[in-house]
Structures are given as structure tokens and as C-alpha cells.
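In the text below, chain A, chain B and the rest are named by the order of the sequence lines, each starting its count at 1.
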2 protein chains.
Amino acid sequence: MVGRFGRRLIAMEEPILAAHEISMWAYAVLTALRDRPMRTQAALASAIGADKTRLIPVLDDLQRRGLITREPDPADRRVRLLSLTSAGGKLHAAVQGDIRAAEEALLAHVAPEDRARFLAVLQALNEVR
Amino acid sequence: MVGRFGRRLIAMEEPILAAHEISMWAYAVLTALRDRPMRTQAALASAIGADKTRLIPVLDDLQRRGLITREPDPADRRVRLLSLTSAGGKLHAAVQGDIRAAEEALLAHVAPEDRARFLAVLQALNEVR
DNA sequence: TATTGTTATACTCTATAACTATA
DNA sequence: TATAGTTATAGAGTATAACAATA
């Protein structure tokens, strides 16, 4: 059931991401960087559960489109300082808004008191152990 | 959250399936055939949301291990009649038992009244539209 | 020598197309 | 000719290993 629901959500999000010309990984990057800038690409990769090598083309694209900054740290020129540009922040907000609206529409089929309980249990299960 | 929970469940199930030397697709096949035998491989594939071509090595293996039968229909020798053997049924029951036990252990962290509600909402969300 | 990022390579999963056999 | 199943091939997505730059 969880698998089916997850696939349903992904199917629901895909056209939204496509409309903003952004991949799921790119969206994950924007979300992570909105929470806080990162000092290394490896830290970003582990934060979103991705491999560092498969993040590189994603970062290349985001940088080329002016959605993130990616500069060598003057103190240690091996590492790349990553942060969101204002354009990146705006795009993230737009995508997040669309996704939340779609989620709300789906959750509208559930009674409000069940809805809150459902989300709380889901969160609790994710925090077990 | 749903994605994270789904990945967690998959990670939980993987060692169980591996212990029984069975893949996730093979388990899906056994489950579908336990519910009812199938008249064609294509019907089985669509029942479990798989492509018919990627089912073939799975069926080859299950047949070789004596877990399913797979015989040409005498009435139309193009189609293969599929059903579970008793060994297949036993293996499915064993795997399902182990998976259910692991799920119960996880759900034990949730209050019993929340648990039923959670599963009901999950099912309802899957039935929307 | 160790670490960050990058590139090249290989591997897994999946889908598409071509083929065989039956009808 | 049309359909069920099979095989061969190609395409994503991902991970592993080798490499370059910097410390």
C-alpha cells in the first residue's frame, strides 16, 4: 500500500516538476539549499541521500540556469560553497506551492481530524529507531 | 515522508526476501498467483504492474525451482497457464509471515487505535479517483 | 599522503523492437 | 493477419574506480 501510494505521489509530482523544467533531484537540491547553504557537495549529496557523482550534472545545470551559486571556498579551494540565488529561491517556492496544492487536493478526501493523525503517524514511523 | 517510509519498508523487506532467495518481482508473482491462477503471462504482468518481457526470467527461475507450473493451454497453445505449486504456496506463506512480523514490529511503535486509522486512511487514499 | 570534486566506466533495471510459434 | 511468448538490443539511472587539483 505504501509503495502504491508513493508511486501515485511521484506520478502526481512529475508533471509539476516538468512544467518548471526541473528534475526530482534538482528539486531536492533546491530544498536542501533553501534550508541552509552547504559547504561541500559531498555534504549536500548525503543530506538528500544521493551519490556525489550523480549530483554533478544536476549542479551543472542549476548553476548554468543561475539558480544556485557554486564557488571555490577561498580558505580551501578544493571545496565548493553552495547556496541558492534569489531566482533559485523563487523557483523552489513556486514548485513547492504547486506540489502542496496537489497534496492538499488529495488529502481533501480524508476527514480533517484523520488527516492530522495520519501525518503524525507517518512522521512518527519515520523517526522510529 | 511517504517516499522515505517506502524506502525504509523496502530496506526492511530486502533481507527477508534474500533469506528466502527470492526477488521482489518473484514475490509479487507468487502473491498474484496465490490470489488466483492466470491464463496468460501478459495478464499476470499487468496485474502486478510489470512489463511482460521482464517477467520472463522471473518465471523461468520460479518454474525451474518448482514453485509454479507453466503449461501451454491445450485449447490455444500460444498461451501459458500459470499456477502455484504447493511448494510455491508454502514459500509464499513463509515469506509473507516474515514480512508481516517485521511490519507488526514497526507498527508496535504506534498506538493501536492510531494504527487502524492510519491503515484505513492509507487504503482510502489509494482508492481516490 | 589525504581530501574534494570530476570524469570514465560498468552495472542494473527497464523498455523497445525484432523474432518464433501458434491461431 | 493477428496474438502470446521469447530473445536481443538499447536506453535510463545508478554506483564504482580512476583521475586532477588542492591541502
**Asked** So, the side chain of B/Asp73 versus the backbone of B/Arg39: is there a donor-acceptor pair under 3.5 Å, distance only?
**Response** no
**Asked** Is a side-chain N or O of A/Arg54 found less than 3.5 angstrom from the main chain of A/Trp25, in a donor-acceptor match?
**Response** no
**Request:** Answer yes or no: is there a side-chain heavy-atom contact under 4.5 Å between A/Val128 and B/Arg8?
**Result:** yes
**Asked** Under a 4.5 Å cut-off applied to non-hydrogen side-chain atoms, are B/Leu9 and B/Met12 in contact?
**Response** yes
**Message:** If you count heavy atoms of other groups shown closer than 6.0 angstrom to CZ of A/Arg34, is the number above 12?
**Reply:** yes
**Request:** Mind calculating the distance between CG (A/Leu55) and C1' (D/dT16) to the nearest angstrom?
**Result:** 17 Å
**Message:** Could you work out how much the helix from C/dT1-D/dA23 to C/dA23-D/dT1 bends, comparing the axis of its first five pairs with that of its last five, to 10°?
**Reply:** 30°
**Request:** Sequence neighbours left out, what passes side-chain contact (heavy atoms from CB on, under 4.5 Å) with A/Ala42? Give chain and number order.
**Result:** A/Thr40
Exercise answer: donor-acceptor pairs, residues 58-72 of chain A side-chain atoms, under 3.5 Å, sequence neighbours excluded:
unit_1, atom_1, unit_2, atom_2, d
A/Asp60, OD1, A/Arg70, NH1, 2.8
A/Asp60, OD1, A/Arg70, NH2, 3.3
A/Asp61, OD1, A/Arg64, NH2, 2.4
A/Asp61, OD2, A/Arg65, NH1, 3.2
A/Gln63, OE1, A/Arg70, NH1, 3.0
A/Arg65, NH1, A/Glu21, O, 2.7
A/Arg65, NH2, A/Glu21, O, 3.0
A/Thr69, OG1, A/Ser83, O, 3.4
A/Thr69, OG1, A/Ser83, OG, 2.6
A/Arg70, NE, A/Gln41, OE1, 3.1

**Message:** A/Val29 vs A/Leu82, test: side chain to side chain contact (heavy atoms under 4.5 Å, CB included). Steps then yes/no.
**Reply:** CA-CA 10 Å; A/Val29 167; A/Leu82 301 167; over 6 Å; no
**Request:** Mark up nucleotides 11-23 of chain C, 5' to 3', with B wherever a protein heavy atom is under 4.0 angstrom from a base atom, S wherever such an atom reaches only the sugar-phosphate, and - elsewhere.
**Result:** ---SBBB----BS
I'd like a table of donor-acceptor pairs (distance under 3.5 Å, sequence neighbours excluded) in which one partner is a side-chain atom from residues 86-107 of chain B, with atom names and distances.
unit_1, atom_1, unit_2, atom_2, d
B/His92, NE2, B/Thr31, OG1, 2.9
B/Asp98, OD2, B/His20, NE2, 2.9

**Request:** List the steps, then state whether side chain to side chain contact (heavy atoms under 4.5 Å, CB included) holds for A/Leu17 with A/Tyr27.
**Result:** CA-CA 8 Å; A/Leu17 293 167; A/Tyr27 180 61; 3.8 Å; yes
**Atom-to-atom span, CG of A/Leu82 to C1' of C/dG5 - whole angstrom** = 11 Å
**Request:** Grab the CG-P distance between B/Leu59 and D/dT6 for me, whole Å please.
**Result:** 7 Å
**Fill in**
Rounded to whole Å, CD1 of A/Ile56 lies from C1' of D/dA17 at a distance of 14 Å
**Asked** Using a heavy-atom distance cut-off of less than 4.0 Å, which residues of residues 63-72 of chain B contact DNA chain C?
**Response** none
**Request:** For the residue pair B/Val121 and A/Val121, establish whether any side-chain heavy-atom pair is separated by less than 4.5 Å.
**Result:** no
**Request:** Measure the distance from CD1 on A/Ile48 to P on D/dG13 and round it to the nearest whole Å.
**Result:** 15 Å
**Request:** Rounded off to whole Å, could you give me the CG-to-P distance for the B/Leu44 and D/dT6 pair?
**Result:** 12 Å
